[in-house]
Structures are given as C-alpha cells and as structure tokens.
Amino acid sequence: MSWSKRWWMSTWTPFAVAGLGLGLRSDALTTATLAGLAGIVTAAVTWVWTWDSNDIEGGPRSRLRVVAANALVVGAAFGAAVGFAGPLGLGALVLLVLVLATSPYAVGAFSTWLRSMPSLSTIQLEKVVTAMGYACPEYLAMPPPAGIDLFSDEELCRNWQTSYQELQLGPSQAATAAIVSERQVYLDELERRDPRGFAAWLASGAHASQSPLPYLGSSRNERPAINWDELTRGQG
C-alpha cells in the first residue's frame, strides 16, 4: 500500500465511522439506502471501467477486489455524509467532495490525465514566448546577444542548432524561456541579413533543429551582370 493511500485512509476513516454512526442513529433506513445505492453504482462503474483495463494485474480476483474496495469507499462516504448532514448541513456535501477528490483513485486518474496531455513542441513554445514578448516587452525583454551583428552566418546557424540541443535537455521554465528568446533573436538576425534566403528556408518546411545555412548567402551574392562587350560596342 502506498503512503498516499495510507494517509488517506488514516485521515478519513475516523470521519467515515463517526458519520455512519450518526446516520444510523438518526435515520438508519435513509443512511443504509443511500450508502447501498452509491456502492452499487460505484461497483457497476468500476466493473465497466476495468473490463479492458491493463492497469490491474492478477486476473478476475484482483478485479473483484478493486470493485469491492471502490464500492465500499464510496458507499461509506455517502453514508457518512448523510450522518453529518444533520449537524453540518451543506458542510456535509463539502466534506464528501473533499473525501472523494483526495482519494488515491481520483488522484491517480488526474495524474494519468495530466500525463496524457500533449506537450508543446519547440516551435510552438517559441511562438508562445515570442508573442508574450511582443505583447508585453517589459515582462519578457529579449535583448540580442552582444556583438551578434559580428557573427558569421556559420556561427549564427551553429548557435541556432546548439540552442535546440539545449532545449532537448529539459531545462527549467526560466531557462527554456531564455533559450527560446535567444533563438528568436537568431532568427531575426538571419532574416535581416538575407530576407530571400530566410524565406526560402521557411518555405522548404524548416525544422527547429535544421540549419538554414544552405539557403543563406545566395541572394546577397547576386549582382547584376555587366556585359562589357555590349557596353563597349554601345560606345563604339
């Protein structure tokens, strides 16, 4: 038994026993009926939920044990809520919700749901941080690295790829935001130097780990060709 389950049972079992005692003393029929119905519904739901589940090991016997445990817990919680309804009023409902929400089953289901949520890709994270920076510059300042205009294209592209590898190491949120901001500065500088080559790189389906170097420089080196023969003939 995990420590969380032991803590939950040791914390709420006295409340459940006290609530059931109050309920059976004040209105035994109502308490027993609601507790029984809650247990039956919980057992049915658990049985359906565990039908194709791979989380339960040990075959049918383990499955029946899980069904019985869930039904007992929920039934006892509802019965205790009936018992506390007299002295606590609506506070009994709040207590019931608190008991069920902190149960190991609810916490485990919530954790599984959190793990199943897709995480943001590097490109998506860069867009979010960039949008935050433009929307509120005083919150997320993005100063360019010192002397970035002196970097060669090779150095800029190498830093672009190195920063991507740093993101894959799973740094803290603050470090991730700083790296993403730095990568945005690299992109801005590359676009400033060679807009046409930068656009060609994006049009090729650029990936966050890909170097834009093969697309840079060609447009800047293009110069109008001078036909000296034609020029001299025209002067003749």
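Only this structure's heavy atoms are used, side chains among them; waters, hydrogens and symmetry mates stay out.
The cluster map of Ile, Leu, Val, Met, Phe, Trp and Tyr, joined by side-chain heavy atoms under 4.5 Å apart, puts Leu72 and Val17 in different clusters. Tyr215 and Phe151 fall within the same hydrophobic cluster, defined by Ile, Leu, Val, Met, Phe, Trp and Tyr side-chain heavy atoms under 4.5 Å apart, directly or through other members. Cluster membership for Val185 and Leu202, using ILVMFWY side-chain heavy atoms within less than 4.5 angstrom, is shared.
Smallest separation of non-hydrogen atoms from Leu150 and Glu155: O-OE1, 4.3 Å. Ala71 and Ala43 make their closest contact through CB-CB, 3.9 Å (heavy atoms, listed as atom of the first residue, atom of the second, distance). Across every non-hydrogen atom of Leu98 and Thr102, the tightest pair is O-OG1, 2.8 Å. Taking both residues in full, the closest heavy atoms of Arg183 and Ala208 are given as NH2-O, 2.9 Å, listed atom of the first, atom of the second, then distance. The two residues Cys157 and Leu190 come nearest to each other via the heavy atoms SG-CD2, 4.5 Å. Of all the heavy atoms in Gln210 and Gln161, the pair that sits closest is C-NE2, 4.2 Å.
Interatomic distance, Glu189 CD to Asn159 CG, rounded to the nearest 0.5 Å: 11.5 Å. Atom CD of Glu191 is separated from atom CG of Leu216 by 11.5 Å, given to the nearest 0.5 angstrom. The line from CG of Asp27 to CG of Leu29 is 6.5 Å long, rounded to the nearest 0.5 Å. Expressed to the nearest 0.5 Å, how far OG of Ser211 lies from CG of Asp153 amounts to 9.5 Å. Remark: Ser209 OG to Gln168 CD distance equals 8.0 Å, nearest 0.5 Å.
Using a 4.5 Å heavy-atom threshold, the side chains of Pro212 and Trp160 count as touching.
Between the side chains of Gln184 and Asp188, at least one donor N or O sits under 3.5 Å from an acceptor N or O. Residues Ser163 and Tyr186 have side chains that never bring a donor and an acceptor to within less than 3.5 angstrom of each other.
Ionic pairing of Arg158 and Glu154 is not present here: no N-O contact between side-chain nitrogen and carboxylate oxygen is shorter than 4.0 angstrom.
Looking at Ser204, its side chain does come within 3.5 Å of a backbone N or O of Trp201 through a donor-acceptor pair.
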Under the side-chain contact (heavy atoms from CB on, under 4.5 Å) rule, what do Leu156 and Arg193 come out as? Steps first, then yes or no, please. CA-CA 11 Å; Leu156 280 177; Arg193 293 186 182 187; 3.5 Å; yes
Kindly determine whether Leu187 and Phe198 satisfy side-chain contact (heavy atoms from CB on, under 4.5 Å), including the steps that lead there. CA-CA 9 Å; Leu187 291 180; Phe198 185 80; 3.9 Å; yes
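The local environment of CZ in Phe78 is sparse, with at most 12 non-hydrogen atoms from other residues, nucleotides or ligands closer than 6.0 Å.
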